[in-house]
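Right, one structure below, let's go through it.
All heavy atoms count here, side chains included; hydrogens, waters and symmetry mates do not. Per chain, numbering begins at 1; letters A, B, ... match sequence-line order.
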2 protein chains.
Amino acid sequence: MQVSTLNRHGFTAGILPAQCPTRTVLDHVTSKWGVLVIVALSQQDLRWGELRRVVEGVSEKMLAQTLRTLEADGFVNRDAQPTIPPRVDYSLTERGRALAARLLPLMDWIADNADDILSR
Amino acid sequence: MQVSTLNRHGFTAGILPAQCPTRTVLDHVTSKWGVLVIVALSQQDLRWGELRRVVEGVSEKMLAQTLRTLEADGFVNRDAQPTIPPRVDYSLTERGRALAARLLPLMDWIADNADDILSR
DNA sequence: GAGCGTACCCACTTTTTGGTAAGCTACCCA
DNA sequence: TGGGTAGCTTACCAAAAAGTGGGTACGCTC
């Protein structure tokens with residue numbers, strides 16, 4: 001049985017107390033579009049329009065919202081050039097890359113096993 | 001830059017085609033309560049009532065729904081004894097343990113960094 | 001001077017999600 | 001007789017998430 005650092009946050013009394021900050025971050029990170037944006041940016045920096053195309057199915061509203069959250073949490077950098085028409089580049093911060101490093105193995109595993117999992 | 005197996009699933013054309021099975025599994029796995037249930041069961045097998053207490057804040061409805069999904073996907077075992085009153089034990093399957101192995105490092109990292117992330 | 005391009009924001013509506021409370025089972029104990 | 005038990009299910013309703021369509025900015029090209 002693994003002993004994870006989660007124990008330091010009170011696992012024994014119930015996993016992650018209900019209003020623990022971890023819950024909030026978890027929600028941000030594992031949000032439907034949040035994961036996909038992080039994964040997309042882990043491969044290369046992208047600008048707004050590219051993200052919209054690459055993260056297939058996301059609406060402008062959701063993309064904007066997701067990016068604002070991820071930026072506020074310090075996972076992505078927003079680099080806006082004040083040109084006309086505007087150009088905005090998004091990239092992962094150091095922290096974003098640390099997160100991606102933990103997220104990608106999970107995504108890889110899911111991608112590898114998804115067909116199996118659903119075919120039952 | 002990491003080259004992940006995601007590429008095999010058509011990353012270049014857009015990350016994870018919109019109706020890719022991966023998206024479905026991803027939604028199940030990263031659902032709010034799904035993650036917490038998996039993490040809880042990764043530490044020890046638990047019965048219904050224990051899960052309800054350990055996964056703080058979950059309602060009966062949500063717990064039942066989450067467990068049904070995770071069971072259908074083959075992540076958790078449901079062992080119901082036909083006693084009265086009933087007793088039902090939940091545990092991770094082999095596949096569930098494989099998933100947990102990828103999920104726990106992520107959770108640990110989030111738990112370690114949550115305070116930092118939200119204090120900005 | 002009309003229209004295009006990029007990256008948004010806002011208000012409104014629809015869809016989905018989730019909580020609450022009640023009921024059900026079948027036996028055991030008082 | 002009737003209350004407690006464990007693990008659910010269902011119906012109803014509120015809240016949250018997400019889609020839609022509109023608008024903005026400003027310069028550049030036609």
Side-chain angles (χ1 to χ4, degrees), chain A residues 14-19 23-38 40-41 44-73 76-91, chain B residues 14-16 18-19 23-38 40-41 44-73 75-91:
Chain A
I15 186 172
L16 312 177
Q19 52 308 57
R23 291 275 187 107
T24 309
V25 175
L26 187 62
D27 281 350
H28 293 182
V29 164
T30 65
S31 74
K32 174 165 183 173
W33 302 116
V35 188
L36 297 177
V37 167
I38 298 275
L41 291 179
Q44 56 188 306
D45 298 354
L46 293 168
R47 48 190 298 200
W48 168 266
E50 291 169 333
L51 267 173
R52 233 179 90 48
R53 258 167 287 126
V54 160
V55 180
E56 220 178 288
V58 73
S59 68
E60 296 198 339
K61 179 181 159 180
M62 279 302 99
L63 181 55
Q65 203 172 102
T66 302
L67 284 171
R68 261 181 277 126
T69 304
L70 293 178
E71 200 197 344
D73 287 347
V76 311
N77 274 321
R78 178 175 188 270
D79 174 23
Q81 273 115 336
T83 59
I84 298 284
R87 176 194 177 102
V88 183
D89 288 289
Y90 291 95
S91 56
Chain B
I15 186 172
L16 312 177
Q19 53 307 55
R23 292 274 188 109
T24 309
V25 176
L26 187 62
D27 281 350
H28 294 181
V29 164
T30 64
S31 75
K32 174 165 182 168
W33 301 114
V35 187
L36 297 177
V37 167
I38 298 274
L41 290 178
Q44 55 189 307
D45 298 354
L46 292 168
R47 48 190 299 201
W48 169 266
E50 292 170 331
L51 266 173
R52 225 171 108 40
R53 258 167 287 125
V54 161
V55 180
E56 219 177 290
V58 72
S59 69
E60 296 197 337
K61 179 181 160 180
M62 280 301 97
L63 181 56
Q65 203 173 101
T66 302
L67 284 170
R68 262 184 275 126
T69 304
L70 293 179
E71 199 197 346
D73 287 347
F75 293 125
V76 311
N77 272 322
R78 190 190 121 99
D79 175 23
Q81 273 118 332
T83 58
I84 298 287
R87 175 193 175 100
V88 183
D89 288 288
Y90 292 94
S91 55

Practice prompt. Classify the nucleic acid contact of R52(B) as base, sugar-phosphate or nothing, counting any heavy atom under 4.0 Å across all strands shown.
Written response: nothing
Worksheet item: Using a cut-off of 4.0 Å between protein heavy atoms and nucleotide atoms, how would you tag nucleotides 20-30 of chain C 5' to 3' with B, S and -?
Response: B-----BS---
Worksheet entry | dC9(C) OP1/OP2 closer than 4.0 Å to side-chain N/O of R68(A) | yes
Discussion item. Side-chain N or O of R78(A) versus OP1/OP2 of dC8(C): is the shortest distance under 4.0 Å?
Written reply: yes
Worksheet item: Is E56(B) close to L36(B) at the side-chain level, that is, under 4.5 Å between some pair of heavy atoms?
Response: no
Practice prompt. Could you state the atom-to-atom distance from CD of E50(A) to P of dG5(C) in whole Å?
Written response: 16 Å
Fill in: Closest non-hydrogen atom pair between V55(A) and R23(B), with its separation
C-NH2, 4.4 Å
Practice prompt. Check whether any side-chain nitrogen or oxygen of Y90(B) sits under 4.0 Å from OP1 or OP2 of dC8(D), and answer yes or no.
Written response: yes
Worksheet item: Atom OG1 in T30(A), atom CG in D27(B): separation rounded to 0.5 Å?
Response: 10.0 Å
Discussion item. With a cut-off of less than 4.0 Å, is there a side-chain N or O of R87(A) near OP1 or OP2 of dA7(C)?
Written reply: no
Fill in: Atom-pair distance (CE on M62(A); P on dA16(D)), nearest Å
14 Å
Discussion item. Within this structure, what is the CG-CG distance for the pair L51(A) and L41(A), rounded to the nearest 0.5 Å?
Written reply: 5.0 Å
Worksheet item: Looking only at side-chain N and O atoms, does R47(A) come under 4.0 Å of OP1 or OP2 in dA7(C)?
Response: yes
Worksheet item: Between atom CZ of R68(A) and atom CZ of R78(A), what is the distance when rounded to the nearest 0.5 Å?
Response: 10.0 Å
Discussion item. Holding to salt bridge (charged side-chain N to carboxylate O under 4.0 Å, His left out), I want the full list of residues that pass it with E50(B), two or more places apart in sequence or in another chain.
Written reply: none
Practice prompt. Can you figure out which of dG19(D), dC8(D), dC8(C) approaches the side chain of V88(B) most closely?
Written response: dC8(D)
